[in-house]
Number of protein chains: 2
Amino acid sequence: MAALPSGKHDVFQAIADPTRREVLRLLVDREMPVTAITGHFAMTRTAVSKHLRILSEAGLVKERKVGRETRYRLEPQPLQELRGWLQYYERFWENKMSALQRLVEAEDGPEGE
Amino acid sequence: MAALPSGKHDVFQAIADPTRREVLRLLVDREMPVTAITGHFAMTRTAVSKHLRILSEAGLVKERKVGRETRYRLEPQPLQELRGWLQYYERFWENKMSALQRLVEAEDGPEGE
DNA sequence: AGTATAGGACACCATATGGTTTCGTGTCAA
DNA sequence: TTGACACGAAACCATATGGTGTCCTATACT
């Protein structure tokens, strides 16, 4: 269930930081080396590198060495855990159900968790 | 767009902590006073109270005073922001698309949001 | 009235987090 | 081979985070 912990940071923690969410956006359509990523932020390369490590621990990015650069790319699969978590709550806001209605749905719901 | 910031903590931060995610689960089907919530955790009432404040700042719970107790209930709407964020990435893991395919999908995508 | 219960406020503490600078190493270009 | 570039590692720093214990007030019980 815990989706192979490649480090001490999980997906929930990884996406908690706005900078890291921006990094993910950057990597959506292309692979990028650290310096290029850093160009998009007002912080040092080292700081960005740390964010990349956390994302990597969460499995959200993968690195590939090409010559002297390390290119990072998005690895979206771990977001499925987040999606699964969210799905549990989705039905609750859809029709602004009451607590009682939620209770019924929760027990009666079409879950396979 | 930033969904009325009722405090300094946002949804992403709020759900980053496992304890807070558990609290949300507890409140799914019923309203609960602080002490009752605390009963489910190995920490003090004060600690739980702080978590509740953070959840409250993120808009994920609402409090209601009843006599001497403060009852908390789930307020799932703010999770929609998370869902919107996630949806952007959903298409990327569905069929393990390549970066190029993702690029095309991202620009050309079948959006109706 | 007097006591017990619920819970917020406050002071405090250890560790995590997000950032910096400096340094070392591997790789590319002249 | 000398130098510039890409990057990680390490030491350091301020603040945030997650927890504690003590105290105070409001409400309920008898």
Side-chain angles (χ1 to χ4, degrees), chain A residues 5-27 30-75 78, chain B residues 5-27 30-75 78:
Chain A
S6 31
K8 57 185 168 167
H9 290 99
D10 64 17
V11 181
F12 290 92
Q13 286 173 265
I15 65 159
D17 186 275
T19 300
R20 288 194 288 269
R21 291 199 298 276
E22 260 194 80
V23 169
L24 293 181
R25 281 289 171 119
L26 282 174
L27 299 180
R30 61 196 170 284
E31 178 176 74
M32 285 177 80
V34 181
T35 303
I37 297 172
T38 304
H40 292 262
F41 299 95
M43 65 182 72
T44 64
R45 177 181 47 76
T46 305
V48 171
S49 215
K50 285 190 187 179
H51 283 303
L52 285 167
R53 167 178 300 277
I54 290 171
L55 288 170
S56 179
E57 284 173 358
L60 287 167
V61 300
K62 277 285 201 308
E63 51 221 276
R64 177 171 76 107
K65 299 270 295 187
V66 176
R68 56 183 160 179
E69 39 181 54
T70 308
R71 300 193 187 152
Y72 286 83
R73 68 172 186 283
L74 179 68
E75 203 68 34
Chain B
S6 32
K8 56 185 170 168
H9 289 99
D10 64 17
V11 181
F12 290 92
Q13 286 171 265
I15 66 159
D17 186 274
T19 300
R20 288 194 289 269
R21 291 198 298 275
E22 260 194 80
V23 170
L24 293 181
R25 280 291 172 119
L26 281 175
L27 300 180
R30 61 196 170 285
E31 177 176 75
M32 285 177 81
V34 181
T35 302
I37 298 172
T38 304
H40 292 261
F41 299 95
M43 66 183 72
T44 62
R45 178 181 46 77
T46 305
V48 171
S49 216
K50 285 190 187 179
H51 283 302
L52 285 168
R53 168 178 300 278
I54 290 172
L55 289 170
S56 180
E57 284 173 359
L60 287 166
V61 300
K62 277 284 200 309
E63 51 223 273
R64 178 172 76 106
K65 299 270 294 187
V66 176
R68 57 182 161 179
E69 39 181 53
T70 308
R71 299 194 187 152
Y72 287 84
R73 68 172 186 280
L74 179 67
E75 203 67 34

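Order of the sequence lines fixes the chain letters, A, B, ..., with proteins taken first and strands second; residue numbering starts at 1 for each chain.
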Q.
Show, in sequence, the C-alpha distance, side-chain angles and deciding distance for B/Arg71 and B/Glu69, and conclude whether the side chain to side chain contact (heavy atoms under 4.5 Å, CB included) test is met.
A. CA-CA 6 Å; B/Arg71 299 194 187 152; B/Glu69 39 181 53; 2.8 Å; yes
Without decimals, in angstroms, what is the distance between [X] [atom1] and [N] [atom2]?
X       : N      : atom1 : atom2 : answer
A/Arg53 : D/dG8  : CZ    : C1'   : 8 Å
A/Met43 : C/dG19 : CE    : P     : 4 Å
B/Lys50 : D/dT20 : NZ    : C1'   : 8 Å
A/Lys65 : D/dA6  : NZ    : C1'   : 8 Å
A/Lys8  : C/dT17 : NZ    : C1'   : 10 Å
A/Arg64 : D/dG8  : CZ    : C1'   : 19 Å
A/Glu63 : D/dC7  : CD    : P     : 11 Å
B/His51 : D/dT17 : NE2   : C1'   : 9 Å

Name the nucleic acid region contacted by [X], choosing base, sugar-phosphate or nothing; use a 4.0 angstrom heavy-atom cut-off, strictly under.
X       : result
A/Thr35 : sugar-phosphate
B/Thr70 : sugar-phosphate
A/Tyr72 : sugar-phosphate
A/Arg20 : sugar-phosphate

Q: Grab the two heavy atoms, one from B/Met43 and one from B/Ala47, that are nearest each other, plus how far apart they are.
A: SD-CB, 3.7 Å
Q. Between B/Ile54 and B/Ala14, what is the shortest heavy-atom contact and its length?
A. CG2-CA, 4.2 Å
Q. What do you reckon, is CZ of A/Arg53 surrounded by more than 12 foreign heavy atoms closer than 6.0 Å?
A. no
Would you say [X] reaches [N]'s phosphate, i.e. side-chain N/O to OP1/OP2 under 4.0 Å?
X       : N      : answer
B/Gln13 : D/dA16 : no
A/Thr44 : C/dG19 : no
A/His9  : C/dT17 : yes
A/Arg45 : C/dT20 : no
B/Ser49 : C/dG7  : no

Q.
Assuming nearest nucleotide by heavy-atom distance, tell me which of A/Gly67 and A/Val48 is located more 5' along DNA chain C.
A. A/Val48
(Q) By nearest heavy atom, map A/Val66 and A/Ala16 onto DNA chain C; which one lands nearer the 5' end? (A) A/Ala16
Q. With no hydrogens and no angle check, is any side-chain donor or acceptor of A/Arg20 less than 3.5 Å from a backbone partner on A/Ile15?
A. no
By nearest atom, which of the nucleotides [options] is closest to the [X] side chain?
X       : options                : result
B/Arg68 : C/dA6, C/dT22, D/dA6   : C/dA6
B/Val34 : D/dA9, D/dG18, C/dG8   : C/dG8
A/Asp17 : D/dA10, D/dT20, C/dG18 : C/dG18

(Q) Please determine whether side chain to side chain contact (heavy atoms under 4.5 Å, CB included) holds for the pair B/Leu27 and B/Ile37, giving the CA-CA distance in whole Å, both sets of side-chain angles, and the decisive distance to 0.1 Å. (A) CA-CA 9 Å; B/Leu27 300 180; B/Ile37 298 172; 4.0 Å; yes
